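Notes for the one structure printed next.
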Amino acid sequence: MRADALAFGFDSVGVTSPDRLDPAIGARLDAFLADGRHGDMDWLATHSARRRHPSALWPEARSIVMLGASYAPGRDPLAVLAEPLRAAISVYAQGRDYHDVLKSRLKRIARLLAGRTGAEVKVFVD
(Lines give C-alpha, C1' and ligand atoms only; values in the text may rest on other atoms or scores of the structure.)
Protein backbone atom coordinates (compact mmCIF):
# COMPACT_ATOMS: atom_id res chain seq x y z
CA MET A 1 0.00 0.00 0.00
CA ARG A 2 2.86 2.38 0.74
CA ALA A 3 4.15 2.03 -2.83
CA ASP A 4 0.64 2.66 -4.20
CA ALA A 5 0.26 5.80 -2.07
CA LEU A 6 3.61 7.14 -3.23
CA ALA A 7 2.70 6.34 -6.85
CA PHE A 8 -0.53 8.35 -6.45
CA GLY A 9 1.47 11.40 -5.35
CA PHE A 10 1.38 11.13 -1.57
CA ASP A 11 4.58 11.99 0.29
CA SER A 12 3.94 10.25 3.58
CA VAL A 13 2.00 7.22 4.76
CA GLY A 14 1.07 6.12 8.27
CA VAL A 15 -1.22 3.48 9.70
CA THR A 16 -2.58 3.32 13.23
CA SER A 17 -5.69 2.42 15.18
CA PRO A 18 -8.10 4.94 16.71
CA ASP A 19 -7.17 3.91 20.25
CA ARG A 20 -3.48 4.71 19.62
CA LEU A 21 -4.12 8.38 18.87
CA ASP A 22 -3.25 11.02 21.41
CA PRO A 23 -6.30 11.65 23.61
CA ALA A 24 -5.32 15.34 23.75
CA ILE A 25 -6.42 15.86 20.13
CA GLY A 26 -9.77 17.25 21.25
CA ALA A 27 -8.22 19.52 23.86
CA ARG A 28 -5.81 20.96 21.28
CA LEU A 29 -8.72 21.60 18.90
CA ASP A 30 -10.65 23.34 21.68
CA ALA A 31 -7.66 25.58 22.45
CA PHE A 32 -7.18 26.34 18.75
CA LEU A 33 -10.82 27.42 18.47
CA ALA A 34 -10.83 29.33 21.77
CA ASP A 35 -7.80 31.32 20.57
CA GLY A 36 -9.72 32.24 17.40
CA ARG A 37 -7.04 30.66 15.24
CA HIS A 38 -9.68 29.27 12.87
CA GLY A 39 -10.31 32.77 11.50
CA ASP A 40 -13.51 32.98 9.50
CA MET A 41 -13.79 29.20 9.06
CA ASP A 42 -16.88 29.06 11.25
CA TRP A 43 -17.66 25.53 10.07
CA LEU A 44 -14.64 24.36 12.03
CA ALA A 45 -16.20 25.50 15.29
CA THR A 46 -19.70 24.45 14.26
CA HIS A 47 -18.58 20.88 13.56
CA SER A 48 -15.86 20.60 16.18
CA ALA A 49 -17.51 17.61 17.88
CA ARG A 50 -16.96 15.55 14.71
CA ARG A 51 -13.34 16.67 14.53
CA ARG A 52 -12.35 15.92 18.10
CA HIS A 53 -11.32 12.36 17.27
CA PRO A 54 -11.60 10.07 14.23
CA SER A 55 -13.96 7.77 16.11
CA ALA A 56 -16.48 10.63 16.19
CA LEU A 57 -16.56 10.49 12.38
CA TRP A 58 -16.73 6.72 12.12
CA PRO A 59 -17.12 4.80 15.41
CA GLU A 60 -16.71 1.41 13.69
CA ALA A 61 -13.25 2.25 12.32
CA ARG A 62 -10.57 -0.23 13.39
CA SER A 63 -7.64 1.19 11.42
CA ILE A 64 -6.66 4.63 10.21
CA VAL A 65 -4.50 5.16 7.15
CA MET A 66 -3.10 8.68 7.13
CA LEU A 67 -1.62 10.08 3.95
CA GLY A 68 0.15 13.38 3.46
CA ALA A 69 0.92 15.41 0.37
CA SER A 70 2.94 18.59 0.13
CA TYR A 71 1.68 21.48 -1.95
CA ALA A 72 4.95 23.38 -1.66
CA PRO A 73 5.93 25.03 -4.94
CA GLY A 74 9.27 24.57 -6.64
CA ARG A 75 10.12 28.21 -5.94
CA ASP A 76 10.34 30.36 -2.82
CA PRO A 77 6.74 31.45 -2.11
CA LEU A 78 7.93 34.30 0.11
CA ALA A 79 9.98 35.96 -2.65
CA VAL A 80 6.89 37.90 -3.77
CA LEU A 81 6.92 39.77 -0.43
CA ALA A 82 9.99 41.69 -1.64
CA GLU A 83 7.94 43.06 -4.54
CA PRO A 84 5.47 45.57 -3.05
CA LEU A 85 3.59 46.04 -6.35
CA ARG A 86 2.67 42.34 -6.56
CA ALA A 87 -0.03 40.54 -4.63
CA ALA A 88 0.89 37.60 -2.43
CA ILE A 89 -1.51 34.67 -2.60
CA SER A 90 -1.22 31.74 -0.23
CA VAL A 91 0.34 28.70 -1.86
CA TYR A 92 -2.63 26.45 -1.09
CA ALA A 93 -4.96 28.93 -2.85
CA GLN A 94 -3.00 29.13 -6.10
CA GLY A 95 -3.99 25.77 -7.56
CA ARG A 96 -7.01 23.53 -7.56
CA ASP A 97 -8.78 23.09 -4.23
CA TYR A 98 -6.65 20.59 -2.34
CA HIS A 99 -9.77 18.95 -0.92
CA ASP A 100 -10.79 17.89 -4.43
CA VAL A 101 -7.27 16.88 -5.47
CA LEU A 102 -6.65 14.77 -2.38
CA LYS A 103 -10.13 13.26 -2.23
CA SER A 104 -9.71 11.92 -5.76
CA ARG A 105 -6.37 10.31 -4.83
CA LEU A 106 -7.76 8.99 -1.54
CA LYS A 107 -10.66 7.33 -3.31
CA ARG A 108 -8.24 5.51 -5.61
CA ILE A 109 -6.27 4.20 -2.63
CA ALA A 110 -9.52 3.28 -0.83
CA ARG A 111 -10.70 1.24 -3.83
CA LEU A 112 -7.39 -0.63 -3.83
CA LEU A 113 -7.59 -1.35 -0.10
CA ALA A 114 -11.20 -2.46 -0.29
CA GLY A 115 -10.44 -4.69 -3.27
CA ARG A 116 -7.46 -6.32 -1.58
CA THR A 117 -8.93 -6.74 1.90
CA GLY A 118 -12.71 -6.67 1.54
CA ALA A 119 -12.77 -4.02 4.27
CA GLU A 120 -15.24 -1.16 4.30
CA VAL A 121 -13.43 2.13 3.76
CA LYS A 122 -14.29 5.80 4.11
CA VAL A 123 -12.33 8.79 2.88
CA PHE A 124 -11.88 12.05 4.77
CA VAL A 125 -9.82 15.10 3.80
CA ASP A 126 -8.27 17.29 6.52
Side-chain angles (χ1 to χ4, degrees):
M1 190 214 39
R2 180 176 300 278
D4 294 321
L6 296 175
F8 288 155
F10 289 99
D11 301 308
S12 59
V13 180
V15 180
T16 192
S17 62
D19 61 337
R20 300 269 329 244
L21 295 176
D22 185 345
I25 291 171
R28 286 196 303 267
L29 175 60
D30 291 341
F32 178 87
L33 295 170
D35 289 345
R37 294 174 44 205
H38 59 296
D40 61 359
M41 295 184 293
D42 295 330
W43 56 268
L44 204 58
T46 303
H47 301 288
S48 65
R50 291 186 354 204
R51 297 180 173 278
R52 292 182 62 75
H53 195 275
S55 61
L57 287 169
W58 192 18
E60 297 82 16
R62 294 187 342 207
S63 297
I64 298 171
V65 177
M66 296 172 286
L67 302 166
S70 173
Y71 52 81
R75 57 177 169 56
D76 178 3
L78 300 178
V80 69
L81 298 178
E83 302 177 47
L85 298 178
R86 292 191 55 208
I89 300 172
S90 294
V91 171
Y92 79 89
Q94 292 181 27
R96 289 182 49 215
D97 185 330
Y98 75 89
H99 294 89
D100 297 332
V101 172
L102 293 180
K103 191 164 234 180
S104 172
R105 291 186 206 168
L106 289 171
K107 286 182 178 183
R108 291 171 65 193
I109 292 289
R111 281 192 295 273
L112 282 176
L113 281 173
R116 291 177 184 163
T117 66
E120 185 180 352
V121 296
K122 292 189 182 195
V123 171
F124 301 98
V125 177
D126 277 345

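This one's a predicted model, so the numbers in the text were calculated from it and none came from an experiment.
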First locate atom [atom1] of [X], then atom [atom2] of [Y], and finally report the distance between them rounded to the nearest 0.5 Å.
X: S48; Y: W43; atom1: OG; atom2: CH2; answer: 11.0 Å
X: R2; Y: S12; atom1: CZ; atom2: OG; answer: 8.5 Å
X: L112; Y: M1; atom1: CG; atom2: CE; answer: 10.0 Å

Just wondering, do H53 and P18 contact through their side chains at under 4.5 Å, heavy atoms?
-> yes
Is there a path from [X] to [Y] through hydrophobic residues (I, L, V, M, F, W, Y) whose side chains come within less than 4.5 Å of each other?
X: Y98; Y: L6; value: no
X: L57; Y: V125; value: no
X: L102; Y: V65; value: yes

Taking the hydrophobic residues Ile, Leu, Val, Met, Phe, Trp and Tyr, and joining any pair whose side-chain heavy atoms are under 4.5 Å apart, which ones share a cluster with L21?
-> I25, I64, M66
Which residues share a salt bridge (Lys or Arg N to Asp or Glu O under 4.0 Å) with D22, sequence neighbours left out | R28
Got a sec, which residues hit salt bridge (Lys or Arg N to Asp or Glu O under 4.0 Å) with D11, two or more places apart in sequence or on another chain?
-> none
For residues 67-81, tabulate all N or O donor-acceptor pairs below 3.5 Å that involve a side-chain atom, not counting sequence neighbours.
unit_1, atom_1, unit_2, atom_2, d
S70, OG, A72, N, 3.1
R75, NH2, Q94, OE1, 2.9
D76, OD1, L78, N, 2.9

Would you be so kind as to tabulate the donor-acceptor pairs closer than 3.5 Å made by side chains of residues 30-42, with sequence neighbours excluded?
unit_1, atom_1, unit_2, atom_2, d
D30, OD1, R52, NH1, 2.7
D30, OD2, R52, NH1, 2.6

Run the numbers on L106 and F124 for side-chain contact (heavy atoms from CB on, under 4.5 Å), then give the verdict.
-> CA-CA 8 Å; L106 289 171; F124 301 98; over 6 Å; no
Determine the sole option in V13, D4, V121 for which the side-chain contact (heavy atoms from CB on, under 4.5 Å) test with I109 is passed.
-> D4
What one should report as the nearest heavy-atom pair of A56 and R50 is CB-O, 3.9 Å
Residue pairs involving residues 79-105 (criterion salt bridge (charged side-chain N to carboxylate O under 4.0 Å, His left out); sequence neighbours excluded) | E83-R86
